[in-house]
Amino acid sequence: MLNQIKSSLKVCLNSIDPSIDISADEIEVSLLFDEKGDFTTNIALKFSKIYKQKPSDLAKLIINSFPSQDFEKIEIAGPGFINFFLKDQFFFRLLNFQNNRFQDQSSVNIEFVSANPTGPLHLAHGRGAIVGDVLSNLYQFYGHIVTREYYVNNTGNQINEFLSSILFHISSKHNLNLPYQQFYKGDYIQELAEKCFENFKNIFDSPKLSKDEELQIVNFAIENLVNQSLKTLKHSGINFDQITYETSIVEKKLLPEIIKELEKKGLVYHGQLHDPKDFQGTKKDNEITIFKSTNFGDDEDRAITKNDGTPTYFANDIAYHVDKYQRQYSKLINIWGADHLGYLKRLSSALVSLYPEVNFSVVFCQIVNLKRNNEIQKMSKREGTIFELDELVKEIGIENYRYFMCYRKNDTHMDLDIDLIKKENKENPIYYIQYSFARSQSVLEKTNNVISSNIELSFELKNLIKKIHEWDLVVFNSYKRNEVHLIAHYLESAASMFHSLWSSAKSNPNSKFLDDNNNLSEDAQSLLKKYQLVISEGLGILGIKPKLKM
RNA sequence: GGUUCUGUGGUGAAACGGAUAUCACACUUGACUACGGAUCAAGAAUUCAGGGUUCGAAUCCUUGCAGAACCGCCA
């Protein structure tokens, strides 16, 4: 019906002035859930200038030429809104809307989590994990072929320090006197060190480890952590299609070609930036390769090579994204934590200067605080008070975990209130939604016969029908904007309207779905089934199964 | 100091530039021999402050104030 009104409005506008071309996308029609009407459009306000008319006059012209057979009345309201009142007999038509849903089967790459392989996943990774997975579901909902990708940064200093920390533990526990320092602390390092020791026992017979032996050990340790992380994610319903290691990107040796390309565009020079923190040696012999990211509004130019000639993290990251681009996705989406906010400019400008047509976007997830007993829990790696993701999921359950990670806009700070999440009542939205679904199911199960009687079109019933009709609009909007919280909010509000309708039957028995003999009208049946379908689709995108019984 | 984000009832949050700013909690009332009360109904805001753009601003621009994240040749 929304689309029908839209196209009728387009015809009206065209008949008013054929020389003006307004595209269907510019015509906004939305639903009303109060006494003002059932549908509304602002086009008379929006286009009054183009048509050189006062908004109210334009609205009048539109109404005069609008095919009004489906409507009780169409009126001008406020400064120039046009409100439509649907005839009662057409309400149940609003439930049939999903026949020609938008489809786009192009392939999309969504990269998320991509945690450093030097420790277990914790709360901070959890939000990006869910947002990435739900976004993937959303793209799949519209037919896209989605690759969920996990990137492992297994090179660089952090890896050396990680290895050193493991060997330090082995050395001190088994009195081996190996020359390694401790960087990372924590129980998981000790456990990992033990595993490495068990697996490579014979290596430690000699007093010194070769480079090759070190490599074996660190790879084993990384593999172990990555698998553990993937297992944690799998437990919360997240499965990756592709794991990409930084080393495999390095092996492809894309960097020289990339630097050459950027050089051609005048975006690379050799020289010096400020002294790095651990700078050693003389300045003269330390010319590095630098990307001119200030051309794109970045604060500073960024190094592509370090003073020892090896590529920076940034350099390898360009190569990684070039690699992704070359795999021919129509769209690349990254989910990043807020700590990468300042990193976007340099990466996207490098990527865009290489491939101006690239469709690359980043969805940022802000910090999550853990709230318990009404207090924000301070978390610190040093004090060992990091809350591992595994524990969180165990404590609150997958459904709660997934829902609550989605119900705030991704770029706002969020407090995850453990006590609230564990409640089983209205305060917990996911519970409230599931309860409405179970209620609808109980009616369907109690039904003796489906009959062709009429159900009274109360205010509450109309609202619920309209809400169901609105689903397509909401989910499409959520997809266009990469904002998954819109779905969570829709579900909550749909459930609220369902409960309202349910309770209205207390004061108005005609609003009951079932009659005294447990007969259900056809209309009511199609309403309930459609409600279940919409809720199932919405929860499905969030990765949650609806409950038939609770 | 720079870059980016945020500022909405007592609290936590919603709101493609649209009408009377929505939801939950807390607080105050009212509704249960129930199609599952695990619910429903009723009650509160000068949207941080000033200026601008617009028919129309929580939303866009600008100034100020307050808070957060980031600001290595670390990843």
Side-chain angles (χ1 to χ4, degrees), chain A residues 28 30 32 34 36 40 42 45-46 48-49 54-56 77-81 83 116 118 153 155-159 161 246 272-279 286 288-290 297-300 302-317 337-345 364 366-367 371 374 407-409 411-415 417 420 423-429 431-432 434-436 438-447 460 473 477 480-481 485-486 489 492-493 496 499-507 509 511-516 518 520 524 549-550:
Chain A
E28 296 167 42
S30 52
L32 293 171
D34 52 28
K36 290 195 291 256
T40 185
N42 58 2
L45 291 156
K46 199 172 168 186
S48 66
K49 248 189 201 148
K54 282 202 322 209
S56 54
F81 293 98
N83 293 343
N116 284 335
T118 54
N153 297 116
T155 72
N157 274 345
Q158 60 168 358
I159 299 302
E161 293 180 357
E246 189 176 357
Q272 287 162 352
L273 293 171
H274 310 289
D275 291 350
K277 275 184 184 165
D278 52 357
F279 183 78
N286 278 296
I288 55 169
T289 311
I290 299 168
D298 204 356
D299 313 346
E300 290 182 66
R302 304 294 175 175
I304 297 180
T305 60
K306 306 184 204 168
N307 60 21
D308 61 3
T310 58
T312 58
Y313 168 80
F314 172 46
N316 283 340
D317 219 23
D339 55 341
H340 277 65
L341 269 169
Y343 185 71
L344 174 62
K345 249 175 203 163
F364 284 99
Q366 269 289 359
I367 290 176
K371 206 168 164 188
N374 245 337
Y407 94 129
R408 292 288 177 246
K409 209 167 147 192
D411 60 6
T412 61
H413 294 235
M414 173 170 105
D415 295 335
D417 188 334
L420 186 150
K423 283 188 185 165
E424 299 198 333
N425 61 23
K426 207 184 159 183
E427 288 183 54
N428 179 339
Y431 205 87
Y432 182 74
Q434 294 281 28
Y435 182 49
S436 77
R439 272 182 153 177
S440 70
Q441 178 63 20
S442 78
V443 174
L444 291 173
E445 281 175 11
K446 266 199 173 166
T447 301
E460 287 84 1
L473 201 66
N477 202 16
K480 280 288 165 205
R481 292 162 61 179
H485 74 284
L486 296 174
H489 281 273
E492 196 178 344
S493 134
S496 162
H499 288 305
S500 283
L501 173 62
W502 186 284
S503 300
S504 72
K506 299 278 188 299
S507 54
S511 289
K512 277 192 165 188
F513 293 119
L514 294 172
D515 66 16
D516 294 340
N518 282 348
L520 186 67
K549 277 204 164 36
M550 309 178 58

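The chains referred to below are lettered A, B, ... by the order of the sequence lines, with proteins before strands, and numbering in each begins at 1.
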Query raised in the report: For atom P, what is the distance between B:G56 and B:G18, given to the nearest Å?
Result: 14 Å
Query raised in the report: Is the ring centre of A:Trp502 under 5.5 Å from the base ring centre of B:C35, and are the two planes under 30° apart, so that they stack?
Result: yes
Query - C1' spacing across the pair B:A68 / B:G9, given as an integer number of angstrom - result: 23 Å
Query raised in the report: For B:A58, what is the paired nucleotide under Watson-Crick or G-U wobble rules, both distances under 3.5 Å?
Result: none
Query - No-H, no-angle donor-acceptor pair, A:Asn83 side chain to B:A19 base, under 3.5 Å - result: yes
Requested in this report: May I ask whether A:Tyr435 stacks on the base of B:G36, given the cut-offs of 5.5 Å between ring centres and 30° between planes?
Outcome: no
Report task. Walk me through it: do A:Thr118 and A:Asn116 pass the test side chain to side chain donor-acceptor pair (under 3.5 Å)? Result -> CA-CA 6 Å; A:Thr118 54; A:Asn116 284 335; 5.1 Å; no
Requested in this report: Answer yes or no: is there an ion pair linking A:Lys306 with A:Asp308, defined by an N-O contact shorter than 4.0 Å?
Outcome: no
**Report entry** Pairwise C1' distance, B:U46 and B:A57 [rounded to whole Å]
**Finding:** 14 Å
Requested in this report: Report the distance from atom CG of A:Asp317 to atom CD of A:Glu246, rounding to the nearest 0.5 Å.
Outcome: 7.5 Å
Query raised in the report: To the nearest angstrom, how far is A:Lys512 atom NZ from B:C35 atom P?
Result: 4 Å
**Report entry** Side chain A:Thr40 and base B:A19 donor-acceptor under 3.5 Å
**Finding:** yes
Query raised in the report: Say you pick atom P in B:C23 and the same atom in B:A41; how far apart are they, in whole Å?
Result: 9 Å
Requested in this report: For B:A14 and B:U53, measure between their C1' atoms and round to the nearest Å.
Outcome: 26 Å
Query raised in the report: Using the P atom in both, what is the distance from B:C5 to B:C61, to the nearest Å?
Result: 9 Å
**Report entry** Between B:G64 and B:G1 - P atom distance, rounded Å
**Finding:** 11 Å
Query raised in the report: Quantified in whole Å, what is the P atom distance between nucleotide B:A66 and nucleotide B:A49?
Result: 15 Å
Requested in this report: Rounded to the nearest angstrom, tell me the gap between atom NE2 in A:His499 and atom C1' in B:C23.
Outcome: 14 Å
Report task. Using atom CZ of A:Phe314 as one end and atom P of B:C71 as the other, report the distance to the nearest whole Å. Result -> 15 Å
